[in-house]
Amino acid sequence: MAISSKYDPSEIEKKWYAYWMEHGYFYSKPDERPAFSIVIPPPNVTGILHMGHMLNNTIQDILIRRARLRGYNACWVPGTDHASIATEAKVVAKLKENGIDKKDISREEFLNHAWDWTHEYGGVILEQLKKLGCSCDWQRTKFTMDEDMNAAVIKTFVELYREGKIYRGFRMVNWDPEAQTTLSDEEVIYEEKQDLLYYLEYQLKDGSGSVTIATTRPETILGDTAICVNPHDDRYSTLVGKYAVVPVCGRKIPIIADDYVDIEFGTGCLKVTPAHDMNDKMLGEKHDLDVIDILNPDGTLNHHGLHYEGQDRSVARKAIAKELQSSGVLIKTESITHKVGTSERTKAVIEPRLSDQWFLRMDELSQPAIDAVLNTDEIKFFPKKFENTYRHWMINIRDWNISRQLWWGQQIPAYYYGEGNNDFVVAATKEEALEMAQSVSGQQHLKMTDLRQDPDVLDTWFSSWLWPMSVFDGINNPENEEFKYYYPTNDLVTGPDILFFWVARMIMAGHKFSDQKPFSNVYFTGLVRDKQRRKMSKSLGNSPDALKLIEDFGADGVRVGLLLSAAAGNDLLFDDALCQQGKGFANKIWNAFRLVKGWEVSDKDTPVENTLALDWYANKFDLALAEINDHFDKYRLSDALMTTYKLIWDDFCSWLLEAVKPDYGSPIDKKTYDQVIALFEQNLKILHPFMPFLTEEIWQQNATRDSNQALIVSDWPASKDYDQALITDFESVKEVISQLRSLRKSQQIAFKDQLEVLVYGTMDWNPNLIGLIKKLTNLSDMRKVDEKQDGALSFRIGSTEYFVPIVGPVDTEGELIQLTEELKYTQGFLKSVQGKLKNERFVSNAPESVVAIEKQKESDAMDKIQMLQNRIASLGA
RNA sequence: GGGCGCUUAGCUCAGUUGGUUCAGAGCACUUGGUUUACACCCAAGGGGUCGGGGGUUCGAAUCCCUCAGCGCCCACCA
């Protein structure tokens, strides 16, 4: 049967994925084997596969496939995240396209739309992962808003509330006027912006003068309730205790003193707007100031905005500046560069705003999580450098604002039964809430309809932080068999951008709710960037279509391409040339297979050099395997792949196959053939995690296999001791061959012209390998001589010299130049070595072994100089 | 402003405890090669004073100091 010389992945990948699914190799349930589990970082349910996912999931698949081969009961749990704000924003936008405004529909109607959307697009990204070859246990697919997941979230909330760790507070929060919700600190991106700093003059109430303040937000003067100066600022000491008048609205406000104010900045006078600035809020509380909120939730001014009511803050800013200018209050403006908080999702400028929110106390939760990573080494980070970032954040951790003014997510289980917002109970169900409300309030007549559930939902991460536990039902039912078997999970693979959002919180949740770590190792991938180091993004259009890449290069090619330059934690500069390299590698292996399968097998004797070459490769394989295992242990997956790549391409294809390859038209002996096949299969096993499709295809084409003999469920080769001497021997032989090829090239001696090689000195390797050298460099003979041969081409390896009698005209001039240069270099080298040896401090302080090495270098250099001089002389210079 | 990290070949990066194995890999590049698995190939080769300066040491890419450039995290001064 003719096999194509080009490897075509598309059909093959479909075929084997279907085969793996059909035979349930990805499916896992507890058994007597040790468990190895990974939970997927759940992608946004409405998302599509991008390069970051490709990298991240390729890595997880490599880890899980290797674990499976090593005999673990491997379980990779897939799933998606409801991604509260991101999804809600998409749904709102889609409704808008259809002429529907979120404000005009009920919560229930909106949620129906959101669920429709989820059902329509929710599976897309998971289907794409299948194309990449991901061996997830699809029967376990979870969604963060599945019923049991919701139950876990609610249970956790109630528990934390009863412990006093969750509280409601009227706090300054990051308000996104576009999405009309709060954001956590982590969702706010600070961007450098050019703005104007306005200098405004406030008249004193008693008419005794004025005071000038500087602000970047002049519209907020309408919410001013004080002016603050530094108590040590001599310029203003007489003003403290007096009153100033706010321009435009004419409100009388006190002038107070506080160390918080920086004497150097602006005018040294600070307008205090407790409703719209974190620090002003703090000053307000300290000095008991009024709080005047001038904004509506959508970022327009409310009735405190007076004649600017209804205008957006940015519009009002310009308008008010104009008014202030015409009334002479605006003294000057200055350009200023400062950082402005914007919403990660909507890009809207964040307004600090006071509102009722739910918070989770973090102080007690953080300590065990700090210990687990930084003190006990229970959890390891790869690369380790992220432990520093983690430490810094965990030590300065602040309470977590967990409420969001959205509809898509788990609604907060707080039920109000009175008129205001102060009478409420927290309970897992409304029924339970009713009983509690009746008993707490003493009002037995309360009915279900008297209860109002808090309209807010929980931050998305409040479900994500439970993920490794909740996917195994470990929150609702911690004694269940699966949870005990699979948890804690082994590896987590994610990006450093969600170290705090997610990783840190999972560690806290793990210790809080299961008294255990959620995972043992965290592998941080880098960001995927383009060749110009730009972050890949939709708006730049520099993100390649993931599925198109798989079409072009094959999933195996793409996986290799991604891995080749993505050391843990380093950003990956994606270049599809790397996928091309991956595809090329697949083709190389494919052709090696074609070659071997094309051989005609006979029962002739096995040439001794074949035995030696096969022996060498078997040992070389074990050496490489030890390195590969070590790389895996250290989560250096790129290195593991590169070692495998070189082993297969260089050692297996270029050396072993060339060494045993029969002459054209001749058969190969059966023993060699069988061993080559056996070694080929070993290669397939260690390559399988990286290139699952190609390897399974060859594995199955090579022999008829039962369904329980698929490569995916075979075994990872056992580590064996290897014969280093044998490997070294072969390296020497390779060196001889390489030198002979080099010599042919420099002397322009064609391969078809046979050479004779004379050897002076000892060949400390198996002389049976001469046959191999003869075959690979076309020698008529290679034999030992008792005298050096002056006047012949030569090279030297160790203390042995090799002479090749000239068969044709020699490029004397070129060789002379080369030899002279080499002589000069060697003489310089000798001088430096001798200088070192003459240094008494070196000889007396350095270890003997190091000195011995230098002495060896000295004598080798002297020998070499002698040889070079002889050669030059023989050329008649 | 506080903290962390990086700077090694044209590009992307390895270099664990300072000393045979230390100046490396892959890609790219140069040269030669195709009736005999693969041009998505084979072979040979060029290329770096390890960011600058100083110090410790018999010996520094590796340890210390300093300067310059880059990146990330945290906080945020109106």
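Reminder, nothing fancy here: chain letters follow the sequence lines and each chain counts from 1. Fair warning: this is a prediction, and the values are worked out from it, not measured in the lab. Computed from heavy atoms alone, side chains included, the values below leave out hydrogens, waters and symmetry copies.
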Nucleotide pairing, RNA chain B (Watson-Crick or G-U, distances under 3.5 Å), in dot-bracket with [ ] and | = (((((((..((((.....[....)))).(((((.......))))).....(((((..]....))))))))))))....
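Residue-to-nucleotide contacts include no donor-acceptor pair under 3.5 Å from the side chain of A/Q581 to the base of B/A28. With hydrogens and angles ignored, a donor-acceptor pair under 3.5 angstrom links the side chain of A/K588 to the base of B/C38.
Between A/D571 and A/W393, the residue whose closest nucleotide on RNA chain B is further toward the 5' end is A/D571.
OP1 or OP2 of B/A44 sits under 4.0 Å from a side-chain N or O of A/S738. A sub-4.0 Å separation between OP1 or OP2 of B/G15 and a side-chain N or O of A/R636 is present.
To the nearest whole angstrom, the two P atoms, one in B/U31 and one in B/G47, are 16 Å apart. Distance noted for atom P between B/C29 and B/U66: 44 Å (whole Å). As rounded to the nearest Å, B/U12 and B/G53 have C1' atoms that lie 29 Å from one another. Distance noted for atom P between B/A9 and B/G15: 15 Å (whole Å). When the C1' atom is compared between B/U21 and B/G2, the two are found 44 Å apart, to the nearest whole Å.
Across B/A43, B/G26, B/G2, the shortest atom-to-atom separation from the side chain of A/R741 is found for B/A43. For A/K271, counting side-chain heavy atoms from C-beta on, the closest listed nucleotide (B/A78, B/C76, B/C38) is B/A78.
Between A/F730 and A/W655, the ring planes lie perpendicular to each other; the angle is over 60°, past the 30° to 60° tilted range.
A search for ring-ring contact (aromatic ring centres under 6.0 Å, His included) contacts involving A/F553 returns nothing, not counting sequence neighbours.
The only option from A/F524, A/F632, A/Y635 that meets the ring-ring contact (aromatic ring centres under 6.0 Å, His included) definition with A/F382 turns out to be A/Y635.
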